[in-house]
Participant: 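So that we are looking at the same thing, I have put the structure below in structure tokens.
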Amino acid sequence: QGQSPPYEAECVEGKYPPPSSRRVKEYVVNLDLPGKERWKHVAAEKKQEIKNILASFKKYIYDFGGIAAEIWYLIDLLGPAIVDVLPQPFQDEIRGISDVTGIEIGEVTLYNIFYEIFTV
Amino acid sequence: CTSIVAQDSNGTLYHARNLDFGLFMGWDPKNRTWEITELLRPAIVNLDFQRGGKTVFKSVNYAGYVGILTAISPGKFTLTMNERFTLDGGYIGIINLILTGKGTWMGFLTRATMEKAESFKEARAMLTSTQMIAPAYFILAGNTSGQACVITRNREVNGTDTWWMKEAGGWYVLETNYDHWSKPLFVDDRRTPANKCMKKLTQKGVGIPGIFDVLSSRPVLNKLTTYTALMQVNQGHLETWLQYCPDPCFPW
């Protein structure tokens with residue numbers, strides 16, 4: 001399929017606008033609300049999508065086996081303590097998302113600091 | 001990821017990006033897709049952060065993520081963030097945070113920047129002077145011609161590099177996931193194709209449709225691309241499109 005690297009550029013034209021089905025929906029986040037309330041509507045509507053991402057990530061971690069699976073156990077176990085070290089209002093926002101989605105708070109925290117974990 | 005800030009012949013700035021994510025996280029050989037990438041797409045949302053009923057900034061997020069990777073402060077500045085891989089990465093930063101209490105999480109720094117900075121200058125100051133937990137590239141653009149740069153960040157403030165649009169070629173600046181002074185890894189060179197397409201586009205072609213075409217060109221568009229976001233700061237304009245890369249398409 002396709003080329004081997006290094007890749008040759010294929011400069012396409014006339015791709016804009018794409019079909020409207022690919023346009024991303026907009027939500028308002030009210031910063032006047034307390035942190036725990038701000039994401040309620042977004043988290044409620046996208047609950048399953050967030051769960052799917054984390055379930056897939058969990059599977060990926062478990063595939064490493066051994067100690068990797070223990071790490072996930074620790075994330076769930078220590079979740080409430082981990083979120084406590086984050087700055088505000090992020091602590092409360094993450095707690096609010098966890099409440100609405102029913103996802104363990106440690107897992108929502110991990111999702112939010114994923115960049116730092118992943119850059120290694 | 002690929003971020004581009006380009007200025008048209010009138011000096012109007014456009015800022016756009018592809019967000020690529022999910023490398024090595026579950027390849028589906030049947031559909032030739034990355035598992036996490038496919039799951040991230042339905043979670044993409046545009047957000048309008050408001051205070052007192054007025055927009056403070058707009059962003060593109062994966063639902064459940066409260067930090068910022070792509071955002072616009074209407075009339076003031078635009079910001080995108082690209083991942084920077086170094087050995088002195090996130091784990092060391094996390095250990096340092098535990099031991100010394102020093103370091104800011106990337107997504108929270110960008111969020112604070114979007115909420116607090118009143119100008120390009122203030123945003124640049126926040127993004128260059130805050131100790132971080134992991135390295136990153138910040139692509140920042142203001143509201144006047146030439147006001148665009150790529151900030152290459154280490155965890156520490158020392159060694160921060162700012163690469164201005166005028167040094168990068170005059171009318172655009174482009175960043176993927178490599179330091180601008182180094183060659184990209186030959187198996188992951190999206191920079192050369194993107195530059196080729198920008199040069200083919202020319203400054204006359206700069207605008208939302210032209211930049212979207214560049215970001216829709218393989219391998220700038222690849223199997224990891226989840227969305228393309230397009231911003232014009234003076235109009236406060238942000239639009240986001242889900243991206244797919246049908247075969248034949250590069251896996252990254």
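Convention: sequence-line order gives letters A, B, ...; per-chain numbering from 1. Only this structure's heavy atoms are used, side chains among them; waters, hydrogens and symmetry mates stay out.
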Participant: Do you know the tightest heavy-atom contact between Cys11(A) and Lys196(B)?
Facilitator: SG-C, 4.3 Å
Participant: Could you grab the distance from atom CG of Asp48(B) to atom OH of Tyr27(A), nearest 0.5 Å is fine?
Facilitator: 13.5 Å
Participant: Counting only heavy atoms closer than 4.5 Å, note whether Glu115(B) contacts chain A via side chain, backbone, both or neither.
Facilitator: side chain
Participant: For Ile53(A), is it the side chain, the backbone, both, or neither that has a heavy atom closer than 4.5 Å to a heavy atom of chain B?
Facilitator: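 Both backbone and side chain.
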Participant: Counting C-beta onward and ignoring hydrogens, is there a side-chain heavy-atom pair between Ile36(B) and Tyr60(A) closer than 4.5 Å?
Facilitator: no
Participant: Of the backbone (N, CA, C, O) and the side chain (C-beta and beyond), which part of Asn61(B) lies under 4.5 Å from a heavy atom of chain A, both, or neither?
Facilitator: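 It is the side chain, since no backbone atom gets that close.
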Participant: Counting heavy-atom pairs under 4.5 Å with chain A, which one of Gly107(B), Gly52(B), Gly67(B), Gly93(B) comes out on top?
Facilitator: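 Of Gly107(B), Gly52(B), Gly67(B), Gly93(B), Gly52(B) has the most heavy-atom pairs under 4.5 Å with chain A.
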Participant: What orientation do Trp39(A) and Phe49(B) show, parallel under 30°, tilted 30 to 60°, or perpendicular over 60°?
Facilitator: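 Perpendicular, since the angle between the ring planes exceeds 60°.
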Participant: Under 3.5 Å, side chain of Asn30(A) to main-chain N/O of Gly53(B), donor-acceptor pair present?
Facilitator: no
Participant: Tell me, for Ser20(A) versus chain B, whether the close heavy atoms (under 4.5 Å) come from the side chain, the backbone, both or neither.
Facilitator: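 The answer is the backbone of Ser20(A).
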Participant: Is the count of non-hydrogen atoms from other residues, nucleotides or ligands lying under 6.0 Å from Lys47(A) atom NZ greater than 12?
Facilitator: no
Participant: Contact part of Val56(B) toward chain A, heavy-atom cut-off under 4.5 Å: side chain, backbone, both or neither?
Facilitator: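 For Val56(B), side-chain heavy atoms alone lie under 4.5 Å from chain A.
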Participant: To the nearest 0.5 Å, how far apart are CZ in Arg23(A) and OH in Tyr227(B)?
Facilitator: 15.5 Å
Participant: On a heavy-atom basis, which atom in Phe212(B) and which in Pro18(A) lie closest, and how many Å separate them?
Facilitator: CZ-CG, 3.3 Å
Participant: Taking atom CD of Gln131(B) as the centre, report whether more than 12 heavy atoms of other residues, nucleotides or ligands fall under 6.0 Å from it.
Facilitator: yes
Participant: Could you tell me which non-hydrogen atom of Ser56(A) sits nearest to which non-hydrogen atom of Glu35(B), and how far apart they are?
Facilitator: OG-OE2, 3.1 Å
Participant: Within a strict 4.5 Å, meaning less than it, do heavy atoms of the Tyr16(A) and Leu230(B) side chains meet?
Facilitator: yes
Participant: Are the side chains of Val66(B) and Ile97(A) in touch, meaning some heavy atoms are under 4.5 Å apart?
Facilitator: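 Sidechains of Ile97(A) and Val66(B): in contact.
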Participant: Which bit of Pro87(A) comes within less than 4.5 Å of chain B, counting heavy atoms only: side chain, backbone, both or neither?
Facilitator: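 Side chain of Pro87(A) only, per the 4.5 Å heavy-atom cut-off to chain B.
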Participant: Sub-3.5 Å donor-acceptor pair from the side chain of Arg22(A) to the main-chain atoms of Leu242(B), do we have one?
Facilitator: yes
Participant: What I want to find out is whether Glu116(A) reaches Arg155(B) closely enough, with some N-O distance under 4.0 Å, to be called a salt bridge.
Facilitator: no
Participant: Got a second to check how far Arg38(A)'s CZ is from Gln50(B)'s CD, nearest 0.5 Å?
Facilitator: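 Separation between the atoms: 13.0 Å.
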Participant: Under a 4.5 Å cutoff for heavy-atom pairs, which residue among Val45(B), Thr104(B), Leu40(B), Ile133(B) has the most contacts with chain A?
Facilitator: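 Top count of heavy-atom pairs under 4.5 Å with chain A: Val45(B).
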Participant: When you compare the side chain of Ile98(B) with that of Val85(A), does any pair of heavy atoms fall below 4.5 Å?
Facilitator: no
Participant: Tell me, side chain or backbone of Tyr111(A) under 4.5 Å from chain B's heavy atoms, or both, or neither?
Facilitator: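 Its backbone and side chain both get close to chain B.
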Participant: Given the options Ala229(B), Ser217(B), Gly101(B), which has more heavy-atom pairs under 4.5 Å with chain A than any of the others?
Facilitator: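 Highest number of pairs under 4.5 Å: Ser217(B).
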Participant: Would you mind checking which part of Met132(B) comes under 4.5 Å of any heavy atom in chain A, side chain (CB onward), backbone (N, CA, C, O), both or neither?
Facilitator: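 Neither the backbone nor the side chain of Met132(B) comes within 4.5 Å of chain A.
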Participant: Given a strict heavy-atom distance threshold of 4.5 Å, which part of Lys59(A) is in contact with chain B: side chain, backbone, both, or neither?
Facilitator: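 Contact with chain B is through the side chain of Lys59(A) alone.
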Participant: As an exercise, state the distance from NZ of Lys25(A) to OG1 of Thr240(B), rounded to the nearest 0.5 Å.
Facilitator: 14.5 Å
Participant: Using 0.5 Å steps for rounding, measure from the CZ atom of Phe114(A) to the OH atom of Tyr62(B).
Facilitator: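 OH of Tyr62(B) is found 11.0 Å from CZ of Phe114(A).
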Participant: Side chain, backbone, both or neither: which part of Leu47(B) has a heavy atom under 4.5 Å from chain A?
Facilitator: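 Both backbone and side chain.
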Participant: Side chain from CB out, backbone as N, CA, C, O: work out which of these in Arg111(B) comes under 4.5 Å of a heavy atom of chain A, or both, or neither.
Facilitator: side chain
Participant: For Asp32(A) and Arg51(B), indicate whether the former's side chain and the latter's backbone hold a donor-acceptor pair under 3.5 Å.
Facilitator: no
Participant: For Tyr115(A) and Leu69(B): C-alpha separation, side-chain torsions, deciding distance, then whether side chain to side chain contact (heavy atoms under 4.5 Å, CB included) applies.
Facilitator: CA-CA 10 Å; Tyr115(A) 177 73; Leu69(B) 304 173; 6.0 Å; no
Participant: Quick one: CD1 on Ile50(A) to OH on Tyr65(B), what's the gap to the nearest 0.5 Å?
Facilitator: 13.5 Å
